[in-house]
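Single-structure report; data block below.
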Amino acid sequence: DTGVSQNPRHKITKRGQNVTFRCDPISEHNRLYWYRQTLGQGPEFLTYFQNEAQLEKSRLLSDRFSAERPKGSFSTLEIQRTEQGDSAMYLCASSLPGWNEQFFGPGTRLTVL
Amino acid sequence: TQLLEQSPQFLSIQEGENLTVYCNSSSVFSSLQWYRQEPGEGPVLLVTVVTGGEVKKLKRLTFQFGDARKDSSLHITAAQPGDTGLYLCAGRDIGSSNTGKLIFGQGTTLQVKP
């Protein structure tokens, strides 16, 4: 069990550029979540996958954001036309179905200049 | 909308002191979790409390779930510099059709000085 991994750990980009983050969940976990955390705040839910199906999206997820989990394993989160307000830590978590505990990855820190 | 409010937001204490962090809501949660997060890392799960009135201990940390399942507390005895970090409470959003998404409090930043 290698835990949840995320890549890259840090990303610095210029406003208007597109960025993509990857999350590899714990192998048996079919539930996958993306959260966003800004400095001094708790994480906020963005979206949820059960296997390859995206079942819930937050209103925080504007049309510039898209997430996929094509084979029910790893997931990607893409942000198009980044804005300075997108600067945050993007966290991925996974869990087993019906299980309370979510296990978080180390996050991807995005800085938009 | 379910909200979780944590207090205090910041706490700076000397090594050896005791402290309590509170997590309150006007809504009922089926369970509450406590996480600890270090700078630049993801949250690490400490404990899950499920039953109203439940008390769980993890070494010097004591977690309590309120009888009505609307609040929780974390008590640390004889704090050590290694306890420094951001403590987050999180509850499962019961309005989300069993997706299991979590609602987090804003966190309590704890600094323990040697």
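Quick note on labels: first sequence line is chain A, next is B, and so on, each numbered from 1.
- Looking at every heavy atom in both residues, A/Leu91 comes nearest to B/Pro43 through CD1-CD, 3.9 Å.
- Heavy atoms closer than 4.5 Å to chain B are found nowhere in A/Gln6, neither backbone nor side chain.
- Interface residue B/Leu86: only side-chain heavy atoms are found under 4.5 Å from chain A.
- Note on B/Arg92 versus A/Glu101: no salt bridge recorded, every NZ/NE/NH1/NH2 to OD/OE distance being 4.0 Å or above.
- In this structure, A/Gln102 and B/Lys101 approach most closely via the heavy-atom pair NE2-CA, 4.1 Å.
- Heavy atoms from other residues, nucleotides or ligands lying under 6.0 Å from NZ of B/Lys56 number more than 12.
- The number of heavy atoms from other shown groups lying within 6.0 Å of CD (B/Gln80) is above 12.
- Atom CZ of A/Arg15 is surrounded by 12 or fewer heavy atoms from other residues, nucleotides or ligands within 6.0 Å.
- Environment of CG in A/Leu39: sparse, with no more than 12 heavy atoms of neighbouring residues, nucleotides or ligands closer than 6.0 Å.
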**OP:** Start with the C-alpha gap between B/Glu41 and A/Arg109, add the side-chain angles, then the distance that decides, and say whether salt bridge (Lys or Arg N to Asp or Glu O under 4.0 Å) holds.
**Re:** CA-CA 9 Å; B/Glu41 299 294 331; A/Arg109 167 73 65 189; over 6 Å; no
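- The hydrophobic clustering, which links ILVMFWY residues whose side-chain heavy atoms are closer than 4.5 Å, places A/Phe45 and A/Leu77 apart.
- When hydrophobic clusters are built by joining Ile, Leu, Val, Met, Phe, Trp and Tyr residues whose side-chain heavy atoms come closer than 4.5 Å, directly or via intermediates, A/Leu60 is grouped together with A/Phe21.
- If you tally non-hydrogen atom pairs under 4.5 Å between each of B/Thr109, B/Leu4, B/Leu45 and chain A, the highest count goes to B/Leu45.
- Interface residue B/Gln37: only side-chain heavy atoms are found under 4.5 Å from chain A.
- Other residues, nucleotides and ligands place more than 12 heavy atoms under 6.0 Å from the CZ atom of A/Phe65.
- Here the straight-line distance linking atom OH of A/Tyr35 with atom CZ of B/Phe104 works out to 5.5 Å at 0.5 Å rounding.
- Cluster membership for A/Tyr90 and A/Val112, using ILVMFWY side-chain heavy atoms within less than 4.5 angstrom, is shared.
- Atom-to-atom distance recorded for A/Ser95:OG and B/Leu102:CG is 8.5 Å, nearest 0.5 angstrom.
- The minimum heavy-atom distance between B/Leu88 and A/Pro43, with the atom names listed, is CD1-CD, 3.9 Å.
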